[in-house]
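Okay, so here's the structure we're looking at.
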Amino acid sequence: MDLEAAKQIGAGLATLGMIGAGIGVGNIFGNFLSGALRNPSAAASQIGNLFVGAALAEALGILAFVLGILLKFG
C-alpha cells in the first residue's frame, strides 16, 4: 500500500466520527422530548442543557469532518 492510499483510507476513517455525532444529537433531542412530554413543567428549565449538549456533540462531528478534510487535502 502506498502513502497516498493510506492517506485516503485515514481520511475516510477520520470522518466516521460524524456518525457518532449524528447518533449523539439524535439521542439528546429524543431523550429531551421524552422527558418534556413526561414532565412539561420542567422542560423549560432544561433548554439550556439541551443546546449545550447538542452543541458539544455537533462540535465533535465538525472536528471529525475537519480532520478528514485536512488528511485528504493537507
Side-chain angles (χ1 to χ4, degrees):
M1 177 183 316
D2 64 345
L3 182 61
E4 187 62 30
K7 191 174 165 182
Q8 298 297 325
I9 291 172
L13 290 175
T15 58
L16 291 179
M18 292 189 300
I19 296 171
I23 292 171
V25 170
N27 277 337
I28 288 169
F29 280 100
N31 287 329
F32 174 76
L33 284 176
S34 175
L37 290 175
R38 274 190 264 134
N39 189 3
S41 63
S45 66
Q46 298 300 317
I47 291 289
N49 292 337
L50 170 74
F51 285 116
V52 168
L56 289 174
E58 195 63 36
L60 291 176
I62 292 170
L63 179 67
F65 176 72
V66 169
L67 285 176
I69 293 296
L70 286 175
L71 286 173
K72 182 165 179 67
F73 297 112

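Atoms considered below: every heavy atom in the structure, side chains included; atoms not considered: hydrogens, waters and symmetry mates. Quantities reported herein were computed from a predicted structural model and do not represent experimental measurements.
Identified under the side chain to side chain donor-acceptor pair (under 3.5 Å) test for residues 55-70, with sequence neighbours left out: none. Judged as a side chain to side chain donor-acceptor pair (under 3.5 Å), the pairs with a partner in residues 64-74 (not counting sequence neighbours) are, in order, Gln8-Lys72.
Both Phe65 and Phe73 are members of a single hydrophobic cluster when ILVMFWY side chains are connected at heavy-atom separations under 4.5 Å.
The side chain to side chain contact (heavy atoms under 4.5 Å, CB included) check on Ala57 picks up Val25, Ile28, with sequence neighbours excluded. Applying the side chain to side chain donor-acceptor pair (under 3.5 Å) criterion to Ser45, with sequence neighbours excluded, gives no partner residue. Annotation: side chain to side chain contact (heavy atoms under 4.5 Å, CB included) contacts of Ala55 (sequence neighbours excluded): none. Here Asn39 pairs with Ser41 under the side chain to side chain donor-acceptor pair (under 3.5 Å) rule; sequence neighbours left out. Residues satisfying the side chain to side chain donor-acceptor pair (under 3.5 Å) test with Asn31, not counting sequence neighbours, are none. Under the side chain to side chain contact (heavy atoms under 4.5 Å, CB included) criterion, Ala59 pairs with no residue, sequence neighbours left out. The side chain to side chain contact (heavy atoms under 4.5 Å, CB included) test applied to Leu70 returns Val66, not counting sequence neighbours.
Of all heavy-atom pairs spanning Ala14 and Leu71, the tightest one is CB-CD1, 4.0 Å. Across Phe29 and Ala54, no two heavy atoms sit closer than the pair CE1-CB, 3.6 Å. Contact record, Met18 with Ala64: N-CB, 3.9 Å, taken as the closest heavy-atom pair.
Taking a 4.5 Å side-chain heavy-atom cut-off between Ile, Leu, Val, Met, Phe, Trp and Tyr, the cluster of Ile23 extends to Met1, Ile9, Leu13, Leu16, Ile19. Residue Leu56 belongs to a hydrophobic cluster whose other members are Val52, with links defined by side-chain heavy atoms closer than 4.5 Å.
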